[in-house]
Participant: 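Attaching a single structure in structure tokens format; questions to follow.
In each ligand, atom 1 is the first atom listed, and ligand 1 is the first ligand listed. This structure is a prediction, so every number in the text was calculated from the model and none was measured. Residues take their numbers from the sequence shown, with the count starting at 1.
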Amino acid sequence: MIRKLLVLEDEDSIRSFIVLNLERAGYEVLEAANGGESLELIKKNRDISIAVIDLMLPDIDGYEVCRRIRAQGLTMGIIMLTAKGQESDKVTGLMIGADDYITKPFSVVELVARVDALFRRLSGGVVASEILASGPFELNLRSRELKKDSRKIELTQVEFMIIKTFMENPGSALSREDLLTAVWGKDYICDLKIVDVNIRRLRLKIEEDAAAPKYITTLWGFGYKWEG
Ligand code: CA
């Protein structure tokens, strides 16, 4: 992965400030002032590692940009910038494929730390060439691809990490804290709800009936279990 980012924010002063600080942190940063511009840049730069996307934009909103990125099968990291107190914005963002979110107003130190953390997670050390298999699923750790009955299922990076954690621990009760640590890292401070939201999205992709999950079962008041 290369250290190439996209920052999408319509307010010039905020955007310049974010870009400046991310460049100082050693990233190459492309910038867009509206959704349309960002999608053009993404079309020409398939090697963007992470996109920082503001939710409120003058043309198409940040959700739509996120949706279109994922609809193209692109697995770049996505961090959404959401307004304070809009809990539903965060959940919606995560449901449509964002990996993380930051609430405005944020400190630039926090933003750079989140970008760094996501970048580390996505570049993810050395992965052996191996395949984890469980029931109808096959997870290729090198290509980070999941197949169910030989059919490919598109995953975000976070979903990949969750399913990897599950498949490495079949039949084990995993607490939400366990999953948070395994996927987001132990220094990540966040509402545990981020785990539930990602599980919900993952179920929609892998379960035959997400309302009656067979593979990822819920352990009420504790966490989740992968039924191997
Ligand atoms: Ca805005």
Side-chain angles (χ1 to χ4, degrees), residues 1-122 154 156-159 184 188-191 193-198 200-201:
M1 274 181 74
I2 63 165
R3 295 174 70 86
K4 191 171 187 177
L5 313 179
L6 171 72
V7 172
L8 168 54
E9 162 65 78
D10 56 312
E11 282 163 74
D12 293 343
S13 56
I14 300 179
R15 189 180 64 251
S16 311
F17 185 62
I18 294 176
V19 169
L20 179 74
N21 280 280
L22 288 171
E23 283 176 347
R24 272 192 198 142
Y27 294 96
E28 176 190 349
V29 188
L30 305 174
E31 48 184 304
N34 59 59
E37 216 173 90
S38 76
L39 292 168
E40 279 302 308
L41 280 172
I42 288 164
K43 206 183 288 173
K44 290 184 208 130
N45 296 273
R46 311 301 278 191
D47 53 355
I48 292 169
S49 311
I50 297 172
V52 177
I53 299 175
D54 185 35
L55 180 56
M56 300 295 286
L57 297 165
D59 55 344
I60 49 173
D61 69 16
Y63 292 146
E64 187 55 29
V65 174
C66 185
R67 212 173 276 129
R68 291 196 199 172
I69 290 172
R70 294 301 185 226
Q72 293 177 53
L74 294 171
T75 57
M76 69 178 70
I78 297 178
I79 298 177
M80 300 283 295
L81 304 178
T82 64
K84 195 172 181 198
Q86 297 294 307
E87 196 62 27
S88 59
D89 285 353
K90 296 170 193 169
V91 175
T92 307
L94 295 169
M95 285 300 283
I96 60 180
D99 297 291
D100 199 357
Y101 56 79
I102 300 179
T103 307
K104 281 182 168 181
F106 52 82
S107 75
V108 74
V109 174
E110 184 192 3
L111 175 70
V112 172
R114 292 290 187 94
V115 170
D116 282 343
L118 184 56
F119 188 83
R120 270 199 309 274
R121 230 156 62 215
L122 301 185
E154 295 288 346
T156 67
Q157 299 298 336
V158 164
E159 290 164 349
W184 284 270
Y188 192 77
I189 297 162
C190 185
D191 198 322
K193 193 186 278 168
I194 197 173
V195 175
D196 301 326
V197 170
N198 275 280
R200 225 158 85 201
R201 198 176 62 209

Participant: Just give me the atom name: the N, O or S atom of Asp10 closest to the Ca ion (ligand 1).
Facilitator: OD1
Participant: Is Glu11 close enough to the Ca ion (ligand 1) that one of its N, O or S atoms comes in under 3.0 Å?
Facilitator: no
Participant: With a 4.0 Å cut-off, would you call Asp54 and Arg15 a salt bridge?
Facilitator: no
Participant: Considering only N, O or S atoms, which atom of Asp54 is nearest to the Ca ion (ligand 1)?
Facilitator: OD2
Participant: Looking at CZ of Phe106 and CG of Leu81, how far apart are the two atoms once the value is rounded to the nearest 0.5 Å?
Facilitator: 5.0 Å
Participant: So do the side chains of Leu6 and Asn45 get within less than 4.5 Å of each other, counting heavy atoms only?
Facilitator: no
Participant: For Val108 and Ile18, what are the C-alpha separation, side-chain angles and deciding distance, and is it a side-chain contact (heavy atoms from CB on, under 4.5 Å)?
Facilitator: CA-CA 7 Å; Val108 74; Ile18 294 176; 5.7 Å; no
